[in-house]
**Student:** 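Handing you a structure now.
Residue numbers begin at 1 in each chain, while the letters A, B, ... track the order of the sequences.
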Protein chains: 2
Amino acid sequence: MSTSGPYHHGDLRPALLRAAGQLLEKQGLAALSLRETARRAGVSHNAPYRHFPDRGSLLAALATAGFAALGTAMQEAAAHGGLRAMGEAYVRFALERPQRFRLMFGGALPIAKHAALRESATRVFEGLAQALAPQLAGPAGRDASIAAWALVHGLSQLLLDERIASSALRGRERDEMVRAVLGSIRFAAAKPQTPA
Amino acid sequence: MSTSGPYHHGDLRPALLRAAGQLLEKQGLAALSLRETARRAGVSHNAPYRHFPDRGSLLAALATAGFAALGTAMQEAAAHGGLRAMGEAYVRFALERPQRFRLMFGGALPIAKHAALRESATRVFEGLAQALAPQLAGPAGRDASIAAWALVHGLSQLLLDERIASSALRGRERDEMVRAVLGSIRFAAAKPQTPA
DNA sequence: ACCTGAACACCGTTCAAGT
DNA sequence: ACCTGAACACCGTTCAAGT
């Protein structure tokens with residue numbers, strides 16, 4: 001009577017997102033079932049359908065929150081450490097939240113079906129493009145900014161998949177190696193000659 | 001009696017891989033169930049366990065075949081068109097077999113559990129590193145070759161996820177845009193000054 | 001050896017019903 | 001409005017049995 005929750009949960013949507021987020025980060029996407037999420041939130045297996053039309057929509061909400069967090073981390077990094085720090089923040093986000101990052105970029109979500117997801121992702125990428133714009137103007141600069149983004153994104157993915165052998169560290173801390181790899185590139189179209 | 005298959009299928013393993021590959025490319029990873037694969041191969045839902053200990057092992061076999069195909073495509077491209085063609089072949093492979101590429105790099109497979117998978121992947125990456133070696137020697141060169149790989153890999157992923165707006169094409173064919181993006185990068189450590 | 005059918009414990013989703 | 005329990009058609013995996 002006193003210890004049991006209210007009949008109307010009242011705050012079920014955030015509770016479901018919290019439970020689903022924990023499942024995702026601890027057990028991975030495959031273990032993230034609607035039924036288990038409901039169980040952890042203390043409701044029947046059917047209650048989530050009041051807040052999400054299907055499993056995909058729950059996943060889309062998790063990914064959307066992920067893009068918001070990534071965008072914030074990148075803007076903060078850029079404010080303190082400039083462009084270079086922005087790229088490093090991207091990689092750090094991927095490595096700190098591997099399952100979330102995979103959900104955001106793994107293609108498991110029908111991106112066309114989830115407008116909020118697409119918008120939150122686009123916002124992040126526009127922030128990156130704007131930060132690059134002063135250095136990389138004009139048509140060639142736009143291609144270069146895609147290359148910069150691809151570089152940072154690819155490095156994140158390869159590290160996540162443990163595809164970069166530990167010998168590549170050559171005694172350095174991982175962050176230092178990331179800096180060195182990102183710094184080993186120059187943009188052909190850069191207005192002043194600037195590092196990544 | 002004459003149209004029905006033999007009791008002992010005889011060639012079940014390749015038949016399963018073929019059916020699974022078709023399922024993967026047409027319906028995506030989520031639709032690739034062992035039971036449906038068995039159905040398409042014309043055997044009971046249980047027969048696949050004679051050839052694969054579990055679903056993950058079937059997926060690993062598909063991914064392993066994918067790495068072999070990617071390696072072949074890259075070597076062929078390199079023989080005809082050099083380093084640049086190698087990178088373009090990487091991107092082309094990803095775009096031509098999106099679901100296969102996602103399986104290979106999506107982190108859905110417990111890579112540690114599948115030795116053949118890890119080896120086939122490593123072979124591909126060693127081929128890339130060797131092709132880069134003449135231009136990028138020494139410690140800084142090794143970081144640069146990781147950057148080159150990350151660039152190609154990231155561009156593939158972003159194109160696959162349709163994260164690069166169609167406006168980025170600016171009227172060009174996709175292949176041409178890929179060439180321009182890859183070509184917009186210089187390696188700081190390159191021995192002669194060489195494009196990507 | 002290789003294949004089958006029944007069984008178990010899971011899914012996502014739908015539906016009729018309760019408060 | 002919001003939640004529940006039963007039901008349906010799926011899974012992966014295991015087991016006892018057939019040829």
**Student:** Quickly work out the B:Leu29 CG to D:dC11 P distance and round it to whole Å.
**Tutor:**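 Taking atom P of D:dC11 as the reference, CG of B:Leu29 is at 14 Å.
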
**Student:** Measure up the A:Tyr90 and A:His153 rings against each other and bin them: parallel (under 30°), tilted (30 to 60°), perpendicular (over 60°).
**Tutor:**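 Answer is perpendicular, since the angle exceeds 60°.
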
**Student:** Is any side-chain N of the basic residue among B:Arg102 and B:Asp161 closer than 4.0 Å to the acidic one's carboxylate O?
**Tutor:**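 Salt bridge between B:Arg102 and B:Asp161, a charged N being under 4.0 Å from a carboxylate O: yes.
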
**Student:** Does atom CZ of A:Arg142 have more than 12 heavy-atom neighbours, drawn from other residues, nucleotides or ligands, at distances under 6.0 Å?
**Tutor:**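 For A:Arg142, atom CZ is not crowded (no more than 12 foreign heavy atoms under 6.0 Å).
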
**Student:** Tabulate atom names and distances for all N/O pairs under 3.5 angstrom spanning the protein and nucleotides 12-16 of chain C.
**Tutor:**
| residue | atom | partner | partner atom | Å |
| --- | --- | --- | --- | --- |
| C:dG12 | OP1 | A:Leu34 | N | 2.7 |
| C:dG12 | OP2 | A:Leu34 | N | 3.3 |
| C:dG12 | OP2 | A:Arg35 | N | 3.1 |
| C:dG12 | N7 | A:Arg35 | NH1 | 2.6 |
| C:dG12 | O6 | A:Arg35 | NH1 | 2.9 |
| C:dT13 | OP2 | A:Tyr49 | OH | 3.1 |
| C:dT13 | OP2 | A:Arg55 | N | 3.0 |
| C:dT13 | O5' | A:Tyr49 | OH | 3.4 |
| C:dT13 | O4 | A:Arg35 | NH1 | 3.1 |
| C:dT13 | O4 | A:His45 | NE2 | 3.4 |
| C:dT14 | O4 | A:Asn46 | ND2 | 2.5 |
| C:dC15 | N4 | A:Asn46 | ND2 | 2.5 |

**Student:** Pairing of DNA chain C as dot-bracket, 5' to 3': ( ) intra-strand, [ ] crossing, | other strand, . unpaired, with Watson-Crick or G-U pairs under 3.5 Å?
**Tutor:** ||.|||||...|||||.||

**Student:** Can you tell me if B:Arg55 uses its side chain to pair, donor with acceptor, with the backbone of B:Leu32 under 3.5 Å?
**Tutor:**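 Here the side-chain-to-backbone pair exists.
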
**Student:** Ring pair (Phe, Tyr, Trp, His ring centres under 6.0 Å) between B:Phe67 and B:Phe101: does it pass, once the steps are laid out?
**Tutor:** CA-CA 9 Å; B:Phe67 278 113; B:Phe101 190 81; 8.6 Å; no

**Student:** Flag the pair A:Arg39 and A:Glu36 as a salt bridge only when some basic side-chain nitrogen lies within less than 4.0 angstrom of an acidic carboxylate oxygen.
**Tutor:**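 Between A:Glu36 and A:Arg39 there is a salt bridge, with a charged N closer than 4.0 Å to a carboxylate O.
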
**Student:** Hey, are B:Asp143 and A:Arg172 close enough for a salt bridge, meaning a charged N less than 4.0 Å from a carboxylate O?
**Tutor:**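 Yes, B:Asp143 and A:Arg172 are salt-bridged.
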
**Student:** I need the CZ-P distance between B:Phe52 and C:dC2, as an integer number of Å.
**Tutor:**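 So the two atoms are 13 Å apart, to the nearest Å.
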
**Student:** Should we say atom CZ of A:Arg97 is surrounded by more than 12 heavy atoms from elsewhere, each under 6.0 Å from it?
**Tutor:**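 No, the 6.0 Å shell around CZ holds no more than 12 heavy atoms from other groups.
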
